[in-house]
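Just below is one structure, and these are the notes that go with it.
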Amino acid sequence: MPSPVTLPEPWARSAVSVVVPTYNEADNLPVLARALLESPLPELRLVVVDDGSPDGTGEIAEGIAGDYNTPDRRRVTVLHRTAKEGLGRAYVAGMTRALDDGAEFVVQMDADLSHPPGYIPQLLGTMLSTGAGVVIGSRYVPGGSLSQEWSPHRRLLSTWANSYVKAILAMPVRDVTAGFKIWRREALEAMDLETVGSSGYSFQVEMHYRAFSRGRKMVEIPIHFEDRREGDSKMDLAVQLESALRPFRLKSAERRARRR
């Protein structure tokens, strides 16, 4: 993991909430939570959204909350959902809670340690220095990189997916499928979270497209994308099909809106 940059005051004390959806991440969540809650951002909060993980991830998250929360200060919030409704709905639930709890900046990241938490101060610093509405941790800008453990097939699939989405939606973003980013509160409120249609990984594309179509400033910074530490990928066939169809649906919705 990269060493986090040191931000000046008052930037370092910004009200940042990190939203992490989980499903069977019992081995990874404690490592991630420790790195986040012991980072040089003393006001950082963690929102875990667990979809009823059978491996006990939800109970582990409650234990972490017990370790870090005090009667005067809540640093960890755990949302338990009884049904596995997909990554997108988990993010919507977590982001909504973070905003309700007063977050000025909301980070979204995976629980599997593929997104190194050491980049979060850099994401925040870039947002504050550029006035961006969203800052994306990108694998595909100069300086960005992928884990050496990624197979050629996986690299090709990721590159193709980005090219496919950009060809349809014409967004000026190099890593349109990126899932590691930070949102400014005002930008996130403008996304109309309750109307987001994506339930799977296409959530990332839909949120980027909404930010772009609403004129929000989008900045990418390079990151090194790690391979997951433990567990299995959640990318099944149904999720892949939704991801393939979602750009066409977004484009169709845009055309209908223009006709009104």
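Atom set for the values below is all heavy atoms of this structure, side chains included, hydrogens, waters and symmetry mates excluded.
The minimum heavy-atom distance between A178 and G137, with the atom names listed, is CB-O, 3.8 Å. Closest approach of Y23 and G52 over heavy atoms only: CE1-O, 4.3 Å. Considering every non-hydrogen atom in both R174 and E220, the closest pair reads N-OE2, 2.8 Å. The two atoms that bring E206 and V196 nearest to each other are OE2-CA, 3.6 Å, heavy atoms only. Listed here is the closest heavy atom pair of V78 and A65: CG2-CB, 4.3 Å. Across V76 and R74, no two heavy atoms sit closer than the pair O-NH1, 3.2 Å.
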Q: Evaluate side chain to side chain contact (heavy atoms under 4.5 Å, CB included) for L169 paired with V205, printing each intermediate quantity in order.
A: CA-CA 9 Å; L169 299 179; V205 172; 3.8 Å; yes
Q: Take R185 and L99 through the test side chain to side chain contact (heavy atoms under 4.5 Å, CB included) and record every step on the way to the result.
A: CA-CA 7 Å; R185 180 186 184 90; L99 293 175; 3.7 Å; yes
Q. Given V106 and I182, is the side chain to side chain contact (heavy atoms under 4.5 Å, CB included) satisfied, shown in steps?
A. CA-CA 5 Å; V106 178; I182 185 169; over 6 Å; no
Q: Using the side chain to side chain contact (heavy atoms under 4.5 Å, CB included) rule, take T177 and Y201 through it: C-alpha gap first, then chi angles, then the decisive distance, then the call.
A: CA-CA 8 Å; T177 61; Y201 285 89; over 6 Å; no
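Proximity of a side-chain donor or acceptor of T57 to a complementary backbone N or O of S53 within less than 3.5 Å is not detected. Side chain of R75 to backbone of L44: a donor-acceptor contact under 3.5 angstrom is found. Between the side chain of D51 and the main chain of R81, no donor-acceptor pair closer than 3.5 Å is present. The backbone N or O of V92 sits less than 3.5 Å from a side-chain atom of T96, completing a donor-acceptor pair. A donor-acceptor contact shorter than 3.5 Å is absent between the side chain of S202 and the backbone of S198. In this structure a side-chain-to-backbone donor-acceptor pair under 3.5 Å is present from D175 to R139. Judged purely by atom type and a 3.5 angstrom limit, S14 uses its side chain to pair as donor or acceptor with the backbone of W11. No donor-acceptor distance shorter than 3.5 angstrom exists from the side chain of D50 to the backbone of H80, with no hydrogens or angles considered. Not a single donor-acceptor pair under 3.5 Å links the side chain of Y91 to the backbone N or O of Q204. Checking side-chain atoms of D55 against main-chain N and O of A26 turns up a donor-acceptor pair under 3.5 Å.
Atom CZ of residue F105 and atom CG of residue L41 lie 11.0 Å apart, to the nearest 0.5 angstrom. The structure places CH2 of W183 at 6.5 Å from CE of M95, a figure rounded to the nearest 0.5 Å. Distance check, rounded to the nearest 0.5 Å: CE of M218 to OG1 of T130 gives 12.5 Å. Atoms CD1 and NZ, on I223 and K181 in that order, are 10.5 Å from each other to the nearest 0.5 Å. A distance of 7.0 Å separates CG in L46 from CG in L32, rounded to the nearest 0.5 Å. The structure places CD of E25 at 8.0 Å from CG of L113, a figure rounded to the nearest 0.5 Å.
Within a 6.0 Å sphere centred on CD of E186, heavy atoms belonging to other residues, nucleotides or ligands number more than 12.
Considering only heavy atoms from C-beta on, Q122 comes within 4.5 Å of I221 through its side chain. Counting heavy atoms from C-beta outward, R214 and M191 have side chains that approach closer than 4.5 Å. Two residues are said to be in side-chain contact when any heavy atoms from C-beta on lie closer than 4.5 Å; N162 and V173 fail this criterion. Side-chain contact between P222 and Y140: absent, with no pair of heavy atoms (C-beta onward) separated by less than 4.5 Å. Side-chain contact between R184 and V134 is absent, with no heavy atoms from C-beta onward closer than 4.5 Å. Within the 4.5 Å cutoff, the side chain of V20 has heavy atoms near those of the M109 side chain. In this structure, I60 and P30 have side chains that are in contact, with non-hydrogen atoms separated by less than 4.5 Å. Counting heavy atoms from C-beta outward, R45 and T77 have side chains that stay 4.5 Å or more apart.
V141 and V135 are not part of a single hydrophobic cluster, where members link through side-chain heavy atoms under 4.5 Å apart.
Aromatic ring orientation, H115 versus F180: parallel (interplanar angle below 30°, classes split at 30° and 60°). Y209 and F212 have tilted rings, their planes meeting at an angle from 30° to 60° on a 0 to 90° scale.
For the residue pair T195 and R210, a side-chain donor N or O sits within less than 3.5 Å of a side-chain acceptor on the partner. Remark: the D72 side chain and the T70 side chain contain no N/O donor-acceptor pair separated by less than 3.5 Å.
Among residues two or more places apart in sequence or in another chain, the side-chain hydrogen bond (donor to acceptor under 3.5 Å, both in side chains) test is passed with S145 by H224.
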